[in-house]
Amino acid sequence: MIDFRQAREWMVVQQIAGRGIRDAHVLSAMRQVPREEFVPAYLRDCAYDDNALPIASQQAISQPIVVAQMIEAAELGPHDRVLDIGTGSGYAAAIAAAIAAHVDSVERDPLLADTARETLARLGIANVTVHLGDGTLGLAAYAPYDAIIAGAGGPRVPRAWRSQLSVGGRIVMPVGRERHHQQLIKLVRRGEHDYHEYSFGDVSFVPLIGDDGWAPY
Ligand code: SAH
């Protein structure tokens with residue numbers, strides 16, 4: 001029987017802090033959120049391995065270091081309102097919610113949305129709302145957001161996300177010309193019409209499928 005608490009601590013020390021993540025909010029969130037609750041039962045013992053893992057509907061829970069890098073890049077703080085696109089297992093939303101005030105998370109797959117809602121409720125995480133829909137359109141009704149993060153990669157930053165970002169807000173998402181190969185980018189809204197883009201390294205996420213993303217298979 002694995003001691004998950006100890007495995008989680010190892011993950012934070014070796015995979016997260018050991019690879020240069022310094023944001024105290026991110027380190028504390030990763031110490032708190034039980035990743036073993038977000039993976040399929042047959043993979044619980046692998047929950048703190050250094051890789052992405054399969055979840056239902058041919059999707060994946062991202063590698064822990066990738067979640068940490070994205071959330072560090074998004075510079076989340078305790079008062080932030082966050083939009084998370086591609087709920088998947090709900091793990092990244094839970095990490096963001098351990099730092100920020102509220103997270104709206106959008107998932108296009110009904111099975112994944114339901115499972116994530118159940119997991120978050122079971123863990124008593126009350127500041128995440130899971131919405132079923134096409135996240136490439138953002139969530140106009142609840143905008144603006146201080147940060148928008150996406151666990152799926154698209155061909156470009158969806159237009160709606162730019163307008164739903166508050167001035168000073170950050171978008172962190174994988175962007176690339178191929179469905180499974182992207183660069184992690186950060187877009188900062190510096191003024192009403194002033195956006196600045198930074199590019200991080202190569203990443204490989206599942207495709208962002210929707211009106212302003214990739215077409216379904
Ligand atoms: N952050 C998630 C990663 C899940 S994988 C986690 O921690 O588990 C990416 C998810 O994005 C998949 O569940 C996929 O169904 C979803 N997705 C893809 N395109 C989407 C879209 N346009 N809107 C909402 N969700 C989308």
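For reference, positions follow the sequence shown, starting with 1. Atoms within a ligand are numbered from 1 in the order they appear, just like the ligands themselves.
Following chains of ILVMFWY side-chain contacts shorter than 4.5 Å, one cannot reach Y142 starting from L120, and the two form parts of different hydrophobic clusters.
Ligand 1 has at least one atom lying under 4.0 Å from a heavy atom of T87. Ligand 1 does not have S57 within reach: every non-hydrogen atom of the residue lies 4.0 Å or more from it.
More than 12 non-hydrogen atoms from other residues, nucleotides or ligands lie less than 6.0 angstrom from CZ of R19. By the 6.0 Å contact criterion, CZ on R5 is open, its count of non-hydrogen atoms from other residues, nucleotides or ligands being 12 or less.
Taking all atoms of both residues into account, the shortest heavy-atom contact from T119 to E37 is CG2-O, 3.3 Å.
Interface atoms of ligand 1 facing T136, defined by a heavy-atom separation under 4.0 Å, are 22 (N). Which parts of ligand 1 touch V206 is read off a 4.0 Å heavy-atom cut-off, strictly below it: atoms 5 (S), 9 (C). The atoms of ligand 1 that sit less than 4.0 Å from any heavy atom of I61 are 8 (O). The ligand atoms of ligand 1 that sit less than 4.0 angstrom from a heavy atom of G135 are 21 (C), 22 (N), 23 (N), 24 (C). Counting the atoms of ligand 1 from 1 in the order shown, those under 4.0 Å from a heavy atom of G133 are 23 (N), 24 (C). Near V106, with a cut-off below 4.0 Å to any heavy atom, the atoms of ligand 1 are 24 (C), 25 (N).
Considering only non-hydrogen protein atoms, atom 18 (C) of ligand 1 sits nearest to P207 O, 3.5 Å. Given atom 12 (C) of ligand 1, the protein heavy atom at minimum distance is Q59 OE1, 3.3 Å.
For atom 2 (C) of ligand 1, the nearest non-hydrogen atom from the set G86, A60, G213 belongs to G86. Nearest-residue assignment for atom 15 (O) of ligand 1 (options E107, H131, Q63; heavy-atom criterion): E107. Comparing A96, P110, G151, S89 against atom 6 (C) of ligand 1, the shortest heavy-atom distance belongs to S89. Considering only non-hydrogen atoms, atom 19 (N) of ligand 1 lies nearest to I209 out of V66, I209, L111, V67.
Counting only distance, with no hydrogens or angles, the side chain of S62 and the backbone of A52 share no donor-acceptor pair below 3.5 Å. Listed for the D84 side chain is no donor-acceptor partner under 3.5 Å among the backbone atoms of V103.
K186 and E75 are joined by a salt bridge, as a carboxylate oxygen and a charged side-chain nitrogen come within less than 4.0 angstrom of each other.
Residues R22 and E72 form a side-chain contact, since some pair of their non-hydrogen atoms from C-beta on lies under 4.5 Å apart. Between Q59 and D109 the shortest side-chain heavy-atom distance does not fall below 4.5 Å.
Of all the heavy atoms of L208, the ones lying under 4.0 Å from any atom of ligand 1 are found in both the backbone and the side chain. If you look at L112 next to ligand 1, the close heavy atoms, those under 4.0 Å, all belong to the side chain.
Relative ring orientation between Y48 and F4 is described as tilted, the plane-to-plane angle lying within the 30° to 60° band.
The shortest N or O to N or O distance between A92 and ligand 1 is under 3.5 Å. Taking only nitrogen or oxygen atoms, main chain and side chain alike, R108 reaches within less than 3.5 Å of ligand 1.
The cationic group of R162 lies under 6.0 Å from the six-membered ring centre of Y195 and within 45° of the ring axis, placing it in a cation-pi geometry.
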